[in-house]
Amino acid sequence: NTERDVIAPHAVVADDRIVILWNERIDYFRTEAFYMVVSEQGKVLTTATSLGKNLPLNSEEAPIYHDGKVYWACSYRGSIHVMDLEV
């Protein structure tokens, strides 16, 4: 079965594009983060791409776009990490 639960989806306006980020639950303890980029008209520019395992998006706070990158904070193994994605 390839179906997974989607957790903490976010959409971020990045100039003339929209970046969609989400987590998928792999099992009880692990998640995998993904993103995709679409144009203002909804055309897929970047298909769903993995950001890696155990890089959770924060469900309480939305990512932000600044100067060509999307930023978000996540907690992993007791530490807070600021993550970025160049788009």
Side-chain angles (χ1 to χ4, degrees):
N1 185 358
T2 60
E3 291 184 22
R4 294 184 181 169
D5 292 332
V6 171
I7 306 162
H10 294 283
V12 181
V13 175
D15 297 326
D16 60 347
R17 296 157 294 156
I18 299 167
V19 181
I20 303 167
L21 302 108
W22 69 95
N23 286 328
E24 291 183 9
R25 183 170 307 284
I26 297 169
D27 58 33
Y28 186 77
F29 296 104
R30 297 179 303 152
T31 62
E32 185 172 359
F34 290 87
Y35 79 98
M36 67 184 299
V37 181
V38 298
S39 71
E40 291 176 312
Q41 295 76 30
K43 179 182 176 188
V44 175
L45 303 174
T46 304
T47 59
T49 304
S50 175
L51 290 167
K53 295 178 180 162
N54 295 315
L55 295 174
L57 294 164
N58 184 342
S59 62
E60 301 297 322
E61 193 171 334
I64 60 167
Y65 174 77
H66 177 72
D67 200 23
K69 292 184 178 182
V70 175
Y71 296 91
W72 71 95
C74 71
S75 174
Y76 180 66
R77 294 189 178 190
S79 297
I80 295 175
H81 301 268
V82 176
M83 309 302 295
D84 65 76
L85 169 66
E86 190 168 341
V87 292

Colleague: Only one of L21, L51, I7, T31 forms a side-chain contact (heavy atoms from CB on, under 4.5 Å) with L57, so which one is it?
Modeller: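 With L57 as partner, L21, L51, I7, T31 yield a single side-chain contact (heavy atoms from CB on, under 4.5 Å), made by L21.
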Colleague: Are V6 and V19 grouped together when hydrophobic residues (ILVMFWY) are joined by side-chain heavy atoms under 4.5 angstrom apart?
Modeller: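 Shared cluster, no.
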Colleague: Who pairs with S50 by side-chain hydrogen bond (donor to acceptor under 3.5 Å, both in side chains), at least two apart in sequence or on another chain?
Modeller: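 E32.
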Colleague: Test of understanding: with side-chain contact (heavy atoms from CB on, under 4.5 Å), list the residues that count as partners of V44, not counting sequence neighbours.
Modeller: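 For V44, the residues satisfying side-chain contact (heavy atoms from CB on, under 4.5 Å) (neighbours in sequence not counted) are M36, V38, T47.
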Colleague: Show every side-chain hydrogen bond (donor to acceptor under 3.5 Å, both in side chains) that has at least one partner inside residues 5-17, sequence neighbours left out.
Modeller: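 side-chain hydrogen bond (donor to acceptor under 3.5 Å, both in side chains) check on residues 5-17 returns D15-Y65.
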Colleague: Looking only at heavy atoms, what is the nearest atom pair of D27 and R25, with distance?
Modeller: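 Shortest heavy-atom separation between D27 and R25 comes out as O-CG, 3.0 Å.
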Colleague: Tell me whether L45 is reachable from Y35 by hopping between hydrophobic residues (I, L, V, M, F, W, Y) whose side-chain heavy atoms are closer than 4.5 Å.
Modeller: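 Linked within one cluster.
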Colleague: Using atom types as modelled, flag every donor-acceptor pair under 3.5 Å from a side chain in residues 78-87 to any protein atom, sequence neighbours excluded.
Modeller:
none

Colleague: Enumerate, atom names and distances included, each donor-acceptor pair closer than 3.5 Å involving a side-chain atom of residues 67-74, sequence neighbours excluded.
Modeller:
none

Colleague: Listed by chain and number, what are the side-chain hydrogen bond (donor to acceptor under 3.5 Å, both in side chains) partners of T46, not counting sequence neighbours?
Modeller: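 For T46 there are no side-chain hydrogen bond (donor to acceptor under 3.5 Å, both in side chains) partners, ignoring immediate neighbours.
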Colleague: Examine W22 and V12 and state if one hydrophobic cluster contains both, with Ile, Leu, Val, Met, Phe, Trp and Tyr joined whenever side-chain heavy atoms are less than 4.5 Å apart.
Modeller: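 The answer is no; the residues belong to distinct hydrophobic clusters.
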